[in-house]
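Note that the coordinates shown come from a computational prediction; the quantities given were computed from them, not determined experimentally. Just so you know, ligand 1 is whichever comes first in the structure, and atom 1 is the first atom listed for that ligand.
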Amino acid sequence: MPVAGSNRPLLFLTLLVFVGLFSLSRNHKDPVPEHASSSESSKLAPTPALVNQVGERGSALTSGGGARDDASSRTIQQRIIAVGDVHGDLAALMQILRRAQLVDLRGHWIGGQDILVQTGDIVDRGPDTIAIYRFFQTLRPQAEAAGGALVSLLGNHELMNSLGGKSATILPPESHKRFKLISTPPPPPLRTDWRYVTKEDIASFGGERNRREAFSTGWIGQEFRTNYSITARVPYLITDDDFPASFAVQAPVLPKTPRGSSDRRFVGDPHVSPSFDAVANPFRLAAASFVHGGITPEYLASLPHSSDEPISEMNRIGHELLASLLAVPGHAPLGLPRTAPAEQREFWSERGPMWNRDWALEDEDEICERAEKACEVLRVRHLIQGHTPQFEGILSRCDGKILLIDTGISRAYGGAHSSLSITYTLSPASTLSVQDAIAHKLISASDADPHAKLETLGEVWIETELVEALYTKGRETETLGKWERVLNAPER
Ligand SMILES: *[C@@H]1O[C@H](CO)[C@@H](O)[C@H](O)[C@H]1NC(C)=O
C-alpha cells in the first residue's frame, strides 16, 4: 500500500494505538482470576501466589511428591489455534495469525506456550508459496523458544507437488466424482495441467524445473521430511504436572523424540497406561486430532497395527511415501510409483487421510456415530481438518466432534479469513468465588455459610473447553461450543 508523505504521522499514530490495544489484549490472555483479588476468596485460596500462574507449567515435577501440590492448586490453561488451507496467500495468513494474537505486526511469535497447527495446503492457487514456507521456517524456532509449538501438517497439495508438480494429472482416479462442494464457488474444471499452480508461483522459483527440485530434494522437500507430518494429536494437558494428582491417573508419556521440531511431541502415539486409558478417566479424550483430509474409523481399522498406534502409523506411511518419491528421481508425475505398497495406495486413496471428505459431505445421521468411533480410537474429542472448503466460515458438525476449518482463506477463493481457537482451562475449585461455585452447583445459595461449605469440598476441579472461530475484517468471534464439567477427585 503506497503511503503519501502527509499521511505518515497519522499512520504512525494509528500504529501506536494499534500496538497499545494489542498489548492490552495480550494482557487479557494471562488473567488473574477476578475472584483472586477479592478478600473473601483469598481466604479460600490457601496459596494465592500459585493461583495466578495461569498457563504456567512448573518444571520441577518428576514423580509425585511436593511438586504435585503445585499442580493441584493452580489453573492450567492451554490454547490451540488451527489454520486451514492457506493456498498461497501470505497476507491473509498474517492477518489471521495477528488476529489470533500469535504473531506481532512484524510476524514474530508472541503466542507464548500456545500451539499453532496448520493443516496443510499452504501451496498452490496463490503466488506466495516460497514466502509462506520461509515464514513458517522462521516462526517454528521462535514458537519453540517460547515453549509453544508450530505443528505443520502436509496437505494433498504438498504431496502432489512432491509427486511431480503437475497436480491435476495425479488426482486419485475416483476423487473427482465425489468432489461436490457444499457451497459456492464451484471447483474449477478438472484435468487441466497446472490448474493449481499459478504462473507467478512458477516464476518465483525461477522456472518449473527449479520448483520441482525445491519440492523434492530441495529445501521444501527436506523440510517436509523433517518438520511436517500427516497427522497430529494435540493433548490439552501436555506435561506430566498438568494432571491433578488427585485423580491418580498416570499421565500418558509423550513420545520421546529429540527436540528440534516442536511438532514431534504430537505426531506419535503417547504411551498410555491402563489406568489412564480406563473409560472412567476424565482426561482420556482431552485432546484434538488434526489432519488435512479426514480420518474415518474404517481407515483406522485398515491400518497395520491400527489398535495400538494409529497416529504413528499414519505418519509412518506418509513419510515412507514421501521418501519413496525421492528414491525415483524424476519419475513421471502420473501417480504413485508403480512399486508403491498397498498401504500407501490406501493412504493416497479417497478413503485415506489426505483426500477423504466424508466429514464434510455426508449427512449427520451417517457420520456422527462414525466420528465418535474415530475419536475413541484416536483418544480425542474433536476431529479437525481442512481440505473441503466452507466459504461461509468454520463449520462444526455432530456437536463439535467434527470441525471443518478450510474456509477458502486464499484470495483465489475469497472465503472467510478464519482460525479455530480452543481454550482449555482446568481450575481447582479452591480458586472459585462463592458466586462461581454456586453457578457450578457446587454449593447452594441457601447454604448457611457458603464460604465454609466451599472449603469443605475438597478436591473439585472445573474444566472448561471453549471452541471458537476467530475471523478478521471485523467479523465477530463465533462460539462453536463450550463444554464445562465439574470433576470430583475420587475418594482415596
Ligand atoms: C526443522 O525445524 C527445526 C526447528 O525449528 C530447524 O532447526 C530445522 O532447520 C528445520 N529443518 C529443515 C530441514 O528446515
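- R225 and Q222 form no side-chain donor-acceptor contact under 3.5 Å, judged by distance and modelled atom types alone.
- One side chain, T425 or Q77, offers a donor N or O that lies under 3.5 Å from an acceptor on the other.
- Any N or O atom pair closer than 3.5 Å counts here, and N227 shares at least one such pair with ligand 1.
- Under a 4.0 Å criterion applied to the non-hydrogen atoms of Q137, ligand 1 contributes the atoms 14 (O).
- Using bins of under 30°, 30° to 60° and over 60° for the plane-to-plane angle, the ring pair F276/F243 lands in the perpendicular bin.
- At a heavy-atom cutoff of 4.0 Å, ligand 1 is contacted by the side chain of E144 but not by its backbone.
- Judged by distance alone, the side chains of Y133 and E158 do bring a donor and an acceptor atom under 3.5 Å apart.
- Taking a cut-off of under 4.0 Å to the non-hydrogen atoms of T226, the atoms of ligand 1 that pass are 11 (N), 12 (C), 13 (C).
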